[in-house]
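Notes to accompany the following structure.
Chain A is the first sequence line, chain B the second, and so forth, proteins listed ahead of strands; every chain is numbered from 1.
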Protein chains: 2
Amino acid sequence: MAGRGKIPRPTVKRLSLYLRELENQSTAGQTTINSRQLGDALDLTDAQVRKDLAYFGQFGHPGIGYQVLDLIAELRRILGTDHPWHAVVVGAGNIGRAVTRYGRLGGKGFEIAGIFDSDPEIIGEAVDRHRVRPMEDLAGVVGEQDVKIGLLAVPAEDAQLVAEALVAAGVRGILNFAPRRLVLKPGVPIVSVDLTVSLEQLAFAISLTEDGAIDG
Amino acid sequence: MAGRGKIPRPTVKRLSLYLRELENQSTAGQTTINSRQLGDALDLTDAQVRKDLAYFGQFGHPGIGYQVLDLIAELRRILGTDHPWHAVVVGAGNIGRAVTRYGRLGGKGFEIAGIFDSDPEIIGEAVDRHRVRPMEDLAGVVGEQDVKIGLLAVPAEDAQLVAEALVAAGVRGILNFAPRRLVLKPGVPIVSVDLTVSLEQLAFAISLTEDGAIDG
DNA sequence: CGTTGTGAAATGATTCACAGCT
DNA sequence: AGCTGTGAATCATTTCACAACG
């Protein structure tokens, strides 16, 4: 395959946003969109949109723009969500349960294959259409259902150990909700979501505006 | 105040990570830390750490490093979390409840002042030590308790309208969990957390490693 | 001596601006 | 005419490397 050039990291994040927006536009009946329109909807320049997409191929039609459905299909292919990904949730506390119950993942190419916890009090409880399973079952489920993604929703102090267990079980990447940096062998990507970090970003941004600065 | 120079956006995100790491180090008994150690813990260069901190002042001691407790205090001051921020949660679904029940916010300078929903079936239910309140109460609570932050956890289709209601009620910034881009008047910062976007980032990163590339 | 803070250099990302396609 | 794809130019961020300091 013609090896694609080097992709800026911010570009990948925007691909998800393009996809989300295009799915909305498609639902709204739009069949074609140009880089200006897509950029306006996401507060980006048209050049940014074109450049981002052009890293992956030539999807547009000069004089017309992009076919919404085609571009959705391309973006899914690029992101890898044109085929379903199986994921396990570890930690059946507030966040683990909320994520498991979040219904919209299936339509986005992600399937929850199981939810796990080490607390015997919790094991067996129902969460959505799953039952909380013991950690001992983890490797089996990951192996049998070709689970590639682990959603880590355990307390911070357990996060590192459980992350290692996930990798040992065969998971290929981790979405980490625990407020701890994980160190794993290279080649196992980690994406982190930390509520406190997000709130601190917001607090800082608000403080800036209160000192008279303007932020778009 | 001596106007600080222009702060790179990535720097602000790292400040939160520095703070988190320093709090861990402090708990572990560390009293002093240098830029190399802090960088290693977060997978950053020592120069990056020093430059980030130097945007805000001179906190280090040549030959020694940084006093952990002092630096924690400085970072809290910079981020604004040296005094508590009041926040409301709107939407008492899975995510809204999980966030409301997440106990660790108080210690980080954030207090949940109330949780709201428009569904009469849900109003009155207990979530943690709160009861779900009707949207009509929103402006009152925001005004009386000096609420600056709104956590938006409603379905995507309601997000824009509820965001506008939050701003009208007097909220100064929004943490948005809904998979929709919000458009609000300038000066109201928005930080977004989208589970699907995070999973897509992860899927893309995993796909890269499966094609032989190595990613640290 | 070890470590900070910081200009200067290098790298990375975005925007400009236009040739070329439909 | 309208819009894409893309080199070149600009702008932003990171890294280098070292003088200054305790």
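- Regarding contacts with the backbone of D/dT14, a side-chain N or O of B/Gln48 is found under 4.0 angstrom from either OP1 or OP2.
- Atom P of nucleotide D/dT14 and atom CD1 of B/Ile7 are separated by 12 Å, given to the nearest angstrom.
- Contact check for A/Leu199 versus B/Lys108: no side-chain heavy atoms found under the 4.5 Å cut-off.
- The interatomic distance linking A/Phe56 (CZ) with D/dT6 (C1') rounds to 16 Å, in whole Å.
- Considering only side-chain atoms of B/Arg50, the nucleotide from D/dC18, D/dC21, D/dT4 that sits closest is D/dC18.
- Where A/Ala47 and A/Ile64 each meet DNA chain D at their nearest nucleotide, the meeting point lying more 5' is that of A/Ile64.
- Under a 4.0 Å N-O distance rule, the pair B/Glu200/A/Arg76 does not qualify as a salt bridge.
- Residues B/Trp85 and A/Ile206 meet the side-chain proximity criterion, which asks for heavy atoms closer than 4.5 Å.
- Residues A/Pro189 and B/Phe204 are not in side-chain contact: their nearest non-hydrogen atoms beyond the backbone lie 4.5 Å or more apart.
- In this structure the side chain of A/Arg20 reaches within 4.5 angstrom of the side chain of B/Asp194, judged on heavy atoms.
- Across A/Leu175, A/Val127, A/Ile112, A/Val154, a single residue satisfies side-chain contact (heavy atoms from CB on, under 4.5 Å) together with A/Val89, and that is A/Ile112.
- OP1 or OP2 of D/dT14 has at least one side-chain nitrogen or oxygen of B/Arg14 nearer than 4.0 Å.
- Taking the 5' to 3' direction, DNA chain C first and last meets chain B under 4.0 angstrom from a heavy atom at C/dG2 to C/dA8.
- The distance between atom OH of A/Tyr55 and atom P of D/dT4, rounded to the nearest whole Å, is 17 Å.
- Distances from the side chain of B/Pro10 to the nucleotides D/dT4, D/dT13, D/dT6 place D/dT13 closest.
- Distance NZ (B/Lys13) to P (D/dT13): 14 Å, rounded to an integer number of Å.
- The distance from atom CD of A/Gln67 to atom P of D/dC3 is 14 Å, rounded to the nearest whole Å.
- Here A/Gly63 lies in heavy-atom contact (under 4.0 Å) with a base.
- Rounded to whole Å, atom C1' of D/dT4 lies 13 Å from atom CG of A/Leu38.
- Rounded to whole Å, atom P of D/dG5 lies 12 Å from atom NZ of A/Lys51.
- The CG atom of A/Asp52 sits 14 Å away from the C1' atom of D/dT4 (whole-angstrom rounding).
- B/Gln37 is not listed as a side-chain neighbour of B/Asp40, based on a closest heavy-atom distance of 4.5 Å or more.
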